[in-house]
Chemist: 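Next up is a structure, given as structure tokens.
As the structure is a computational prediction, the values presented were derived from the model and not from experiment. Below, chains carry the letters A, B, ... as their sequence lines are ordered, and counting in each starts from 1.
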Amino acid sequence: MSIPVYDVLIVGGGGAGLRAAIAVAQADPTQRVAVVSKVYPMRSHTVSAEGGAAGVIKDNDSAEDHCNDTIGGGDWLADQDAVEAFVEEAPKELIQLEHWGCPWNREADGSVAVRPFGGMKIQRTWFASDKTGFHMLHTLFQTSQQFDPVTRYDEHFVFDLLVHDGRCQGVACIELKTGEVRIIAGRSVILCTGGGGRIFPFTTNAAIKTGDGMGLAYRAGVGLKDMEFVQYHPTGLPGTGILITEAARGEGGILLNKDGRRYLQDHDLGSPLEVSDPRHPQLKSMELGPRDRLSQAFYWEREAGNVFTSDDGDYVHLDVTHLGEKKINKRIPFVRDTALKYVGVDCVKEPIPVRPVVHYMMGGVDTDIDAATSLPGLYAAGECACVSINGANRLGSNSLTELLVFGKRAGMGAAAFAKANPEVAVDALAAQVGDKAARLKSLYSEGREGEASIASIRRTLTSAMETGAGIYRDQARLDALCETLREIKARIKDLRITDRSKTFNTQLVQALELEFMVDAAEAVAFSASARKESRGAHQRLDFKERDDGAFLKHSVAFKSDGDPRIDYKDVSITKWPPAERVYGK
Amino acid sequence: MASSATKIEGKTVTLEIFRYQPDDETEPRYDTFEVPYREDWVVLDAINWIKDEVDGSLSYRWSCRMGVCGSCGMMVNGEPKLTCAVFLRDYYPKPMRIEPLEHFPVTRDLVINMDDFMGKMEKLQTWIVPKEPRTIEEGEYRQTPRQLADYKQYTMCINCMLCYSACPVYGLDSSFLGPAALTLGRRYSLDSRDGAKDERAELIQSDEGVWSCTFVGECSRVCPKNVDPAGAIQAGKVEGTVDMMKSMLMPWGRK
Ligand SMILES: Cc1cc2nc3c(=O)[nH]c(=O)nc-3n(C[C@H](O)[C@H](O)[C@H](O)COP(=O)(O)OP(=O)(O)OC[C@H]3O[C@@H](n4cnc5c(N)ncnc54)[C@H](O)[C@@H]3O)c2cc1C
Ligand code: SF4
Ligand code: FES
């Protein structure tokens with residue numbers, strides 16, 4: 001087997017991966033870069049992001065304000081040095097994307113336009129209609145094609161990190177088209193594999209978001225940080241979980257319970273202004289409060305019997321009718337299109353049914369401010385990583401920017417590491433993969449007559465996650481979840497595989513993805529169980545208060561033979577001592 | 001051959017699916033599946049149901065299930081469609097025949113090989129070649145909403161390949177750059193920040209370019225994102241003609 005060797009090997013061709021690739025190619029055209037991705041890069045999940053990307057650009061805004069919003073929004077669990085670096089680099093990255101052709105919306109004078117977003121006190125969200133992630137991803141992908149040092153391995157599924165001599169030196173992957181197992185060596189490796197929302201049943205996340213990179217790092221002994229913090233987005237469509245972007249509320253949409261009441265006022269999120277009032281919508285108040293608080297409000301409304309019920313689950317109404325057809329078509333056309341298609345509602349005339357759905361994982365592979373992990377040579381960026389700038393709750397529109405800022409940082413860090421560590425133990429890597437390749441080969445030729453179907457284990461897993469680690473948690477439910485996960489870990493060894501083909505074997509891919517999902521789910525469940533307080537997106541009915549004394553700390557989950565081991569790490573506090581999170585005042 | 005052993009309650013609908021496994025079969029075949037009928041199911045939901053409940057070896061691509069990643073294009077009753085954006089209710093109670101996108105080599109079952117397109121994008125330099133390079137410190141280029149509108153529609157392409165599947169010219173000769181690639185080339189040439197219009201024009205005006213198009217217009221009809229590739233190609237022809245006239249009439253004034 002001939003093994004190609006790259007300076008920087010990037011797993012993932014979404015926003016973070018492509019930004020990292022371009023960073024390396026531009027910094028040093030002599031370095032060779034590989035982008036390995038299980039789907040064509042432009043299919044990556046970044047494509048579905050709608051609302052926008054935050055960065056301070058207007059005169060009425062300041063870095064101080066963006067830091068404030070981000071740190072408070074994250075309930076003081078964000079690392080403040082990382083947030084400061086992020087906020088300072090954010091506008092530069094967004095301008096860079098502008099230079100590469102991103103079709104940002106514009107003001108009449110030709111400068112970029114910004115829109116309001118939940119949890120942000122000042123308008124600072126750059127947007128490209130309501131397809132921001134789509135435009136960013138296509139811009140990055142198209143831009144990346146001009147750099148010769150970048151080689152793409154499209155539709156290659158990475159199933160293992162190769163570690164030798166205490167350094168990550170490459171990956172093992174399956175070329176989907178042929179079923180061949182390939183080893184690709186890298187003097188440094190960056191994980192940019194995105195999140196893992198698919199471990200929950202109702203999610204805005206695409207099918208590919210199965211937490212692979214988290215699982216890869218975890219198995220290699222790297223910690224997963226703050227995994228218990230899972231963001232619910234308050235407005236997904238019942239049934240499919242398809243997202244109705246926050247921009248719908250940014251433009252003035254309101255949330256109503258079954259009695260037509262703007263119920264957020266009953267949950268400490270401020271008092272409503274008339275929709276005709278020119279001051280509506282008010283930033284950081286009511287509908288523009290942060291996502292965790294809005295999703296929690298839904299939970300209590302449901303407890304009180306104030307929501308609509310249906311076969312696809314309970315829901316409330318998101319009403320944008322007062323915006324009028326013209327504004328809806330201009331500012332949020334995709335919202336109209338989506339609601340019409342998937343729930344048969346024309347939002348110009350009627351309110352849209354919505355419910356909270358899992359949207360984003362604040363946690364991920366533990367990295368430092370330069371995207372480096374504890375394993376030399378291994379870096380991580382984007383949603384699969386946890387720096388952390390998001391703390392206990394991410395603010396909408398910070399993560400698209402995070403992909404750029406930390407994608408670039410990871411690229412620079414990995415490139416420098418590769419220069420300093422030129423030697424790669426190619427033979428040792430090949431020997432490592434031998435056994436696994438043989439196991440996969442026998443799966444292709446013989447299949448596996450297991451008891452358990454992929455779909456049934458997946459269903460057990462996702463529904464246990466919703467019940468045990470949903471919007472509100474308590475010890476009994478978490479214990480039950482941990483027990484279910486132990487059972488799943490035993491059953492998954494006996495997964496049934498009927499597809500014997502080497503060509504594009506998606507069943508095998510699903511099985512490998514399911515194993516990664518179990519890793520990610522385990523880290524979420526056990527970290528949540530150990531955190532006996534409520535903070536941001538982690539809300540416990542049995543520990544209702546935030547407990548800075550015991551838990552102003554990152555949790556870090558490590559894989560072990562049985563249950564994971566949970567350690568803690570200090571939060572970096574620079575200028576913003578913990579305070580109460582206040583909205584609507 | 002295969003059919004569903006799972007018992008289904010209530011209404012059902014029939015899907016006839018193209019199967020092809022190059023490693024152990026020489027001839028493609030069609031498998032028939034009975035699938036539960038649900039008012040709110042897209043065609044992709046039915047295909048996912050088959051994979052989960054009946055035949056785990058069925059191969060196809062999908063991801064976002066919201067019409068934006070461009071992965072799930074297939075022929076549905078002979079028409080190229082995004083299967084996550086067309087509903088069972090659009091066909092019910094008639095059976096549906098699902099096949100891989102036409103005009104592409106089939107890798108397996110419903111999976112096509114689209115390497116050809118990826119190469120074409122690169123050839124057309126689908127990126128900004130700055131007219132006046134700028135540093136980050138100099139801030140953004142100014143681009144008015146009107147300048148943005150000049151090319152915005154052409155940025156909406158999700159690379160789903162439906163237009164290639166509908167294009168009779170591409171079906172006969174795959175060297176034709178084709179609707180989406182030509183449209184993306186035009187998208188950059190119309191951008192006020194770009195300076196490579198002339199370089200791209202050489203390829204756009206070549207034999208592989210706009211002049212191969214016989215203006216059938218099928219590409220724009222099937223495009224799920226209203227990109228109007230046919231319009232982009234026509235405009236490219238008009239521009240080519242004008243440039244040619246200019247260079248004949250005033251050879252000194254061309255660039
Ligand atoms: C519907 C929706 C809307 C959103 N809107 C916004 C918004 O408005 N603003 C905002 O800031 N954020 C938004 N987000 C969040 C944001 O889009 C994501 O966090 C971000 O796009 C993740 O990008 P990424 O580069 O980390 O990963 P992705 O774009 O998910 O890419 C992951 C890449 O990794 C590859 N990969 C994964 N596993 C493997 C493997 N095993 N082998 C090989 N390759 C692999 C995939 O092929 C893919 O290329 C939204 C999220 C959703 C779900
Ligand atoms: S032009 Fe339309 S049909 Fe063709 S690839 Fe783009 S989005 Fe698909
Ligand atoms: S699954 Fe993404 S376009 Fe259909």
Side-chain angles (χ1 to χ4, degrees), chain A residues 39-40 42-45 47-48 57 92 95-96 98-101 103-112 128-129 131 134-135 138 142-143 145-146 154 177 179 206-208 239-240 242-243 312 337-338 341-344 453-455 458 496-507 510, chain B residues 21-24 40 42 45 51-53 55-71 85 87 107-109 111 113-115 118 121-122 125-130 133-134 136-137 139-145 147-148 151-152 155-159 184 188 191 193-194:
Chain A
V39 295
Y40 282 103
M42 71 279 187
R43 314 293 189 215
S44 301
H45 182 70
V47 83
S48 343
I57 181 90
K92 297 182 191 149
I95 290 171
Q96 175 64 78
E98 194 278 335
H99 290 186
W100 286 335
W104 298 117
N105 273 42
R106 304 282 178 159
E107 304 291 356
D109 68 354
S111 61
V112 292
S129 347
K131 286 190 170 244
F134 164 83
H135 287 300
H138 280 251
Q142 288 159 15
T143 300
Q145 290 181 322
Q146 69 192 282
D154 294 338
K177 204 192 316 183
I208 56 174
T240 57
I242 290 175
L243 177 74
D312 286 326
D337 201 41
T338 305
K341 268 215 187 96
Y342 294 97
V343 285
S453 83
I454 294 173
R458 201 199 290 130
R496 184 161 68 240
I497 298 193
T498 53
D499 191 345
R500 313 259 161 106
S501 172
K502 286 188 80 176
T503 311
F504 226 92
N505 189 327
T506 49
Q507 196 184 32
Q510 284 187 334
Chain B
Q21 291 178 21
D23 28 3
D24 55 28
D40 57 348
V42 291
D45 289 322
K51 186 165 182 74
D52 282 351
E53 308 299 332
D55 185 348
S57 72
L58 180 62
S59 278
Y60 52 97
R61 294 188 179 103
W62 71 288
S63 183
C64 72
R65 53 83 177 90
M66 53 191 278
V68 69
C69 77
S71 319
F87 288 80
T107 303
R108 172 169 176 198
D109 294 348
V111 178
N113 182 330
M114 58 176 281
D115 293 348
M118 305 299 282
M121 271 170 89
E122 246 175 90
Q125 298 190 48
T126 51
W127 52 82
I128 295 272
V129 180
R134 240 172 197 253
I136 300 295
E137 289 65 37
E140 78 262 43
Y141 291 96
R142 294 290 159 132
Q143 184 171 68
T144 62
Q147 287 172 319
L148 173 64
Y151 69 89
K152 181 71 191 279
T155 65
M156 304 301 279
C157 171
I158 61 172
N159 305 168
L184 273 175
Y188 281 100
D191 193 313
R193 296 165 286 193
D194 180 79

Chemist: Check whether A/Glu107 gets within reach of chain B through its side chain, its backbone, both or neither, counting any heavy atom under 4.5 Å.
Modeler: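 Contact with chain B involves the backbone of A/Glu107 alone.
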Chemist: Any side-chain heavy atom of A/His135 sitting closer than 4.5 Å to one from B/Met156?
Modeler: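 In short, these two side chains touch, coming nearer than 4.5 Å.
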Chemist: Where does A/Ile208 contact chain B at under 4.5 Å (heavy atoms): side chain, backbone, both or neither?
Modeler: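 A/Ile208 touches chain B through backbone and side-chain heavy atoms alike.
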Chemist: Within a strict 4.5 Å, meaning less than it, do heavy atoms of the A/Met42 and B/Met118 side chains meet?
Modeler: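 They are in contact (side-chain heavy atoms under 4.5 Å apart), so the answer is yes.
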Chemist: Among all residues two or more places apart in sequence or in another chain, which pass the salt bridge (Lys or Arg N to Asp or Glu O under 4.0 Å) test with B/Arg134?
Modeler: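 With neighbours one apart ignored, the set is empty.
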Chemist: Among B/Val129, B/Thr144, B/Val111, single out the residue with the greatest number of heavy-atom pairs under 4.5 Å to chain A.
Modeler: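 Option with the top pair count is B/Val111.
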Chemist: Sort B/Arg65 into side chain, backbone, both or neither according to what part of it lies under 4.5 angstrom from a heavy atom of chain A.
Modeler: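 Its backbone and side chain both get close to chain A.
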Chemist: Which of the residues A/Gly179, A/Ala455, A/Pro103 is involved in the greatest number of heavy-atom pairs with chain B at under 4.5 angstrom?
Modeler: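 With the most close heavy-atom pairs to chain B, the winner is A/Pro103.
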Chemist: Relative to chain B, which segment of A/Phe504 carries a heavy atom at a distance below 4.5 Å: side chain, backbone, both, or neither?
Modeler: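 It is both, since atoms from each part get that close.
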Chemist: Within a strict 4.5 Å, meaning less than it, do heavy atoms of the A/His138 and B/Asn159 side chains meet?
Modeler: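 With C-beta onward as the side chain, the pair touches.
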Chemist: What is the distance from atom CD of B/Glu137 to atom NZ of A/Lys92, rounded to the nearest 0.5 Å?
Modeler: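 It is 7.0 Å, given to the nearest 0.5 Å.
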Chemist: About how many Å separate NZ of A/Lys502 and CD of B/Gln21, when rounded to the nearest 0.5 Å?
Modeler: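 Those atoms lie 14.0 Å apart.
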Chemist: Side-chain contact, heavy-atom cut-off 4.5 Å: B/Val42 with A/Tyr342?
Modeler: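 Yes, side chains in contact.
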Chemist: Relative to chain B, which of A/Thr143, A/Ile242, A/Asp154 shows the most heavy atom pairs under 4.5 Å?
Modeler: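 Sorted descending by pairs with chain B, the first entry is A/Ile242.
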Chemist: Can you say whether B/Ile158 sits under 4.5 Å from chain A via the side chain, the backbone, both, or neither, judging by heavy atoms?
Modeler: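 Its backbone and side chain both get close to chain A.
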Chemist: Ignoring hydrogens, what is the shortest heavy-atom contact between B/Ser71 and A/Arg43? Give both atom names and the distance.
Modeler: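 Result for this residue pair: OG-CD, 3.5 Å.
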Chemist: Rounded to the nearest 0.5 Å, what's the gap from CD on B/Gln143 to CG on A/Asp109? Could you check?
Modeler: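 Separation between the atoms: 12.5 Å.
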Chemist: Could you look at B/Asn113 and say if it's the side chain, the backbone, both or neither that has a heavy atom under 4.5 Å from chain A?
Modeler: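 Answer is side chain: those atoms of B/Asn113 sit under 4.5 Å from chain A.
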Chemist: Are any of the side-chain heavy atoms of B/Glu140 and A/Ser111 separated by less than 4.5 Å?
Modeler: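 Side chain of B/Glu140 against side chain of A/Ser111, heavy atoms only: contact under 4.5 Å found.
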Chemist: What closest approach, in Å, do B/Val68 and A/Ser48 show between heavy atoms, and which atom pair accounts for it?
Modeler: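 Closest pair (atom of B/Val68, atom of A/Ser48, distance): CG1-CA, 4.0 Å.
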Chemist: Given heavy-atom pairs under 4.5 angstrom as the criterion, report whether the side chain, backbone, both or neither of B/Pro145 touches chain A.
Modeler: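 Both parts, heavy atoms under 4.5 Å.
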Chemist: Which heavy atom of B/Cys64 sits nearest a heavy atom of A/Ala206, and at what distance?
Modeler: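 Closest approach of B/Cys64 to A/Ala206: CA-CB, 3.7 Å.
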Chemist: So for A/His99, is it side chain, backbone, both, or neither that comes closer than 4.5 Å to the heavy atoms of chain B?
Modeler: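 Both backbone and side chain.
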Chemist: Where does A/Arg458 contact chain B at under 4.5 Å (heavy atoms): side chain, backbone, both or neither?
Modeler: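 A/Arg458 touches chain B through side-chain heavy atoms alone.
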Chemist: Any side-chain heavy atom of A/Gln510 sitting closer than 4.5 Å to one from B/Lys51?
Modeler: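 They are in side-chain contact.
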Chemist: Looking only at heavy atoms, which two atoms of B/Ile128 and A/Gly101 are closest? And how far apart?
Modeler: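 Shortest heavy-atom separation between B/Ile128 and A/Gly101 comes out as CG1-CA, 3.6 Å.
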Chemist: Decide yes or no for B/Met66 and A/Thr240: does some side-chain heavy atom of the first lie under 4.5 Å from some side-chain heavy atom of the second?
Modeler: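 B/Met66 does not reach A/Thr240 side chain to side chain.
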Chemist: Check whether B/Arg193 reaches the backbone of A/Glu98 with its side chain - one donor and one acceptor, N or O, closer than 3.5 Å.
Modeler: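 It does hold such a pair.
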Chemist: Against chain A, work out which of B/Ile136, B/Asp191, B/Asp194 has the most heavy-atom pairs shorter than 4.5 Å and name it.
Modeler: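 Top count of heavy-atom pairs under 4.5 Å with chain A: B/Ile136.
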Chemist: Please flag which part of B/Asp40 lies under 4.5 Å from any non-hydrogen atom of chain A: side chain, backbone, both or neither.
Modeler: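 The answer is the side chain of B/Asp40.
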Chemist: Please report the C-alpha distance between B/Thr155 and A/Lys131 in whole Å, then the side-chain angles of each, then the deciding distance to 0.1 Å, and finally whether the side-chain hydrogen bond (donor to acceptor under 3.5 Å, both in side chains) criterion is met.
Modeler: CA-CA 11 Å; B/Thr155 65; A/Lys131 286 190 170 244; over 6 Å; no
Chemist: Only pairs of heavy atoms separated by less than 4.5 Å count here; which of B/Tyr141, B/Tyr151, B/Tyr188 has the most with chain A?
Modeler: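 Counting heavy-atom pairs under 4.5 Å, the top option is B/Tyr141.
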Chemist: Please classify the contact of B/Phe87 with chain A as side chain, backbone, both or neither, using a heavy-atom distance under 4.5 Å.
Modeler: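 Side chain only.
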Chemist: Of the non-hydrogen atoms in A/Thr506 and B/Leu58, which two are nearest, and what is the gap between them?
Modeler: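 Scanning both residues completely, I find the closest heavy atoms to be OG1-O, 3.5 Å.
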Chemist: What are the two closest heavy atoms between A/Asn505 and B/Arg108, and how far apart are they?
Modeler: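 For A/Asn505 versus B/Arg108, the nearest heavy atoms are CA-NH1, 3.9 Å.
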Chemist: Which answer fits A/Ser44, side chain, backbone, both or neither, if we ask what part of it has an atom under 4.5 Å from a heavy atom of chain B?
Modeler: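 Neither the backbone nor the side chain of A/Ser44 comes within 4.5 Å of chain B.
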